[in-house]
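Following: one structure in structure tokens, then a few remarks.
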There are 2 protein chains.
Amino acid sequence: MASQTSLALDNQLCFSLYRAQRLVTRTYHQLLQELHLTYPQYLVMLALWEEGGELGMKELATRLELDSGTLTPLIKRLIALNLLQKERSAEDERRTILRLTEAGHSLHHRAEQVPEQLHALCTGEGVNLPVLKSELDSLARRLSS
Amino acid sequence: MASQTSLALDNQLCFSLYRAQRLVTRTYHQLLQELHLTYPQYLVMLALWEEGGELGMKELATRLELDSGTLTPLIKRLIALNLLQKERSAEDERRTILRLTEAGHSLHHRAEQVPEQLHALCTGEGVNLPVLKSELDSLARRLSS
DNA sequence: CTTATATAGATTGTACACAATTTAATAGCG
DNA sequence: CGCTATTAAATTGTGTACAATCTATATAAG
């Protein structure tokens, strides 16, 4: 049946993305275990390290394309871990500024080896990471518009 | 700083996968809205449609690479939607068999247009879906071993 | 100045993911 | 046969995602 084939092929393509993402997240989970971070928490820390330790909640949400329903509790956990603190903007009382603590800054050092470890785990026969990234970004561009 | 660059590149590559997966899931969510299915629920229905309406819980878990902690509540919701039913295997009382209801079978028709709709939304400049799938599968193979 | 609108976050509710544990049933071994 | 190990699901607990709503603050229009 044509429909059967179509649904099966579709399954293959989109399931590939779904599965790969879960596998990468699981791989990160292992690497981040000793830092006591989840993968989304690691993404937040990356953004803060790149910004020198200070970033608005709004800017973070834009950067990660996540909303407050996801970020608010996630940030709460990072605060509970003593990695950052939250304060109100003086100019605009609606806005929240995130700032790394000393512990948050120093975690940067311990995270330095994570990228190369992950890269090593992902590299292998048939895997072309730049091509993969390029395709994923093109797809994201397509679906965002 | 070298570490800064490394962390930033890492972010780019893996964030691309993370973002693309969320965008595709959101796109499915729109297409599946009138079927009252989520994307993971749709994957379960696909597996059942392909198997002629009958599939063991264990086989489903293996196929989707999901554990019972994810599948058990998901299946409960599909049962609540009257799309399938659960029964124990006669030969092995530990095993559970999932079976499509009449409503579950007939939903197949209404789902037939989903793949081509998604394909159309994903197709565009710079997007090579076969290449993308091949890369994702190679990566999955690498991370599974 | 006051009201209407817009914006930033927080909150609420639903639905995954997944590690870890528990329960029930089967298989295998001495 | 009886006991141990294994296996299949369910359960429990934590942590995202995200839609929808709510609250507080700021901005704009009249």
Side-chain angles (χ1 to χ4, degrees), chain A residues 15 17-30 32-33 35-45 55-81 83 86-98 143, chain B residues 14-15 17-30 32-33 35-45 55-81 86-98 143:
Chain A
F15 181 66
L17 178 58
Y18 173 69
R19 173 179 53 188
Q21 205 281 322
R22 287 189 294 125
L23 282 167
V24 167
T25 299
R26 263 179 266 178
T27 305
Y28 265 109
H29 186 253
Q30 292 163 15
L32 295 173
Q33 215 154 22
L35 305 184
H36 304 293
L37 292 177
T38 66
Y39 178 56
Q41 289 167 6
Y42 172 70
L43 291 177
V44 169
M45 295 305 289
L55 191 57
M57 192 74 167
K58 171 72 175 160
E59 287 67 38
L60 181 64
T62 302
R63 173 96 62 109
L64 300 184
E65 297 175 30
L66 291 171
D67 71 6
S68 65
T70 301
L71 283 177
T72 297
L74 195 158
I75 295 297
K76 258 183 200 158
R77 283 176 205 112
L78 291 176
I79 292 171
L81 287 171
L83 296 176
K86 208 157 58 168
E87 55 194 71
R88 290 290 178 182
S89 164
E91 311 92 60
D92 186 340
E93 289 281 339
R94 292 170 304 181
R95 296 179 50 73
T96 293
I97 311 294
L98 305 173
L143 292 179
Chain B
C14 293
F15 180 67
L17 178 58
Y18 173 67
R19 172 179 54 189
Q21 204 282 321
R22 287 189 293 125
L23 283 166
V24 167
T25 299
R26 265 179 265 177
T27 305
Y28 265 110
H29 186 252
Q30 293 163 15
L32 295 173
Q33 215 155 21
L35 304 184
H36 304 292
L37 292 177
T38 65
Y39 177 57
Q41 288 167 8
Y42 172 70
L43 291 177
V44 169
M45 295 304 290
L55 191 58
M57 192 73 167
K58 172 71 176 161
E59 287 67 37
L60 182 63
T62 302
R63 173 96 62 111
L64 300 184
E65 295 175 31
L66 291 171
D67 70 7
S68 65
T70 300
L71 283 177
T72 298
L74 194 159
I75 295 298
K76 257 183 201 160
R77 286 185 274 272
L78 291 176
I79 291 171
L81 288 171
K86 206 157 61 169
E87 55 192 72
R88 290 290 179 181
S89 163
E91 311 92 58
D92 187 341
E93 288 282 339
R94 292 171 305 180
R95 297 179 50 74
T96 292
I97 311 294
L98 305 174
L143 292 180

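Computed from a predicted structure; not experimentally measured. Just so it is clear, the values below take in all heavy atoms, side chains as well, and ignore hydrogens, waters and symmetry mates. A note on names: the letters A, B, ... follow the listed sequences, proteins ahead of strands, and every chain is numbered from 1.
- Among the nucleotides D/dT16, C/dA25, C/dC16, the one closest to the side chain of A/L74 is D/dT16.
- In this entry the distance linking CD of A/Q33 with P of D/dT14 reads 17 Å, nearest Å.
- In terms of the salt bridge (charged side-chain N to carboxylate O under 4.0 Å, His left out) criterion, residue partners of B/E65 (sequence neighbours excluded) are, by chain and number, A/R19.
- Distance OH/A/Y39 to CG/A/L32: 9.0 Å, rounded to 0.5 Å.
- Across all strands, A/R77 comes closer than 4.0 Å to base atoms (heavy-atom distances).
- As a whole-Å value, the separation of A/L35 CG from D/dG15 P is 16 Å.
- Between the CD atom of A/E93 and the P atom of C/dA6 there is a distance of 23 Å, rounded to whole Å.
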Write down the protein N/O and nucleotide N/O pairs, taken from nucleotides 2-10 of chain D, whose separation is under 3.5 Å; answer none if there are no such pairs.
{"from": "D/dT7", "atom 1": "O2", "to": "B/R94", "atom 2": "NH1", "distance (Å)": "3.0"}
{"from": "D/dA8", "atom 1": "OP2", "to": "B/K58", "atom 2": "NZ", "distance (Å)": "3.4"}
{"from": "D/dA8", "atom 1": "O3'", "to": "B/R94", "atom 2": "O", "distance (Å)": "3.4"}
{"from": "D/dA9", "atom 1": "OP1", "to": "B/T96", "atom 2": "N", "distance (Å)": "2.8"}
{"from": "D/dA9", "atom 1": "OP1", "to": "B/T96", "atom 2": "O", "distance (Å)": "3.4"}
{"from": "D/dA9", "atom 1": "OP2", "to": "B/K58", "atom 2": "N", "distance (Å)": "3.1"}
{"from": "D/dA10", "atom 1": "OP1", "to": "B/K86", "atom 2": "NZ", "distance (Å)": "2.9"}
{"from": "D/dA10", "atom 1": "OP2", "to": "B/T72", "atom 2": "OG1", "distance (Å)": "2.8"}
{"from": "D/dA10", "atom 1": "N7", "to": "B/S68", "atom 2": "OG", "distance (Å)": "2.7"}

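- One interatomic measurement links the two molecules: CG of A/L66 to C1' of C/dC16, which rounds to 15 Å at whole-angstrom precision.
- Rounding to whole angstrom units, CZ of residue B/R26 and C1' of D/dA17 are separated by 9 Å.
- Taking the six-membered ring where tryptophan is involved, the planes of A/Y42 and A/Y28 are tilted, since the angle between them lies from 30° to 60°.
- Atom CG in B/L43 sits about 12 Å away from atom C1' in C/dC16, given to the nearest Å.
- Looking at A/V24 and B/L143, their side chains come closer than 4.5 Å, going by heavy atoms from C-beta outward.
- Rounded to an integer number of Å, the gap from OH of A/Y18 to P of D/dT16 is 18 Å.
- Residue A/D67 is the one, among A/R22 and A/D67, whose nearest nucleotide of DNA chain C lies closer to the 5' end (criterion: closest heavy atom).
- Within the 4.0 angstrom heavy-atom criterion, base atoms lie near A/T70.
- Taking the screw axis at each terminus of the helix from C/dC1-D/dG30 to C/dG30-D/dC1 from five consecutive base pairs, the angle between the two is 0° to within rounding of 10 degrees.
- B/R95 contributes no side-chain N or O that, together with a main-chain N or O of B/G56, makes up a donor-acceptor pair within less than 3.5 Å.
- In this structure, CD of B/Q21 is placed 13 Å from C1' of D/dC18, rounded to the nearest angstrom.
- The two residues A/F15 and A/R22 make their nearest non-hydrogen contact at CE1-NH2, 4.1 Å.
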- Task: Show your working on side chain to side chain donor-acceptor pair (under 3.5 Å) between B/Q21 and B/T25 and close with a plain yes or no.
- Result: CA-CA 6 Å; B/Q21 204 282 321; B/T25 299; 3.0 Å; yes
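- A 4.5 Å side-chain heavy-atom check between A/R88 and A/T96 finds at least one atom pair inside the cut-off.
- The side-chain heavy atoms of A/L78 and A/L98, taken from C-beta on, include no pair separated by under 4.5 Å.
- Close to D/dG15, at under 4.0 Å from its OP1 or OP2, lies no side-chain N or O of A/Y39.
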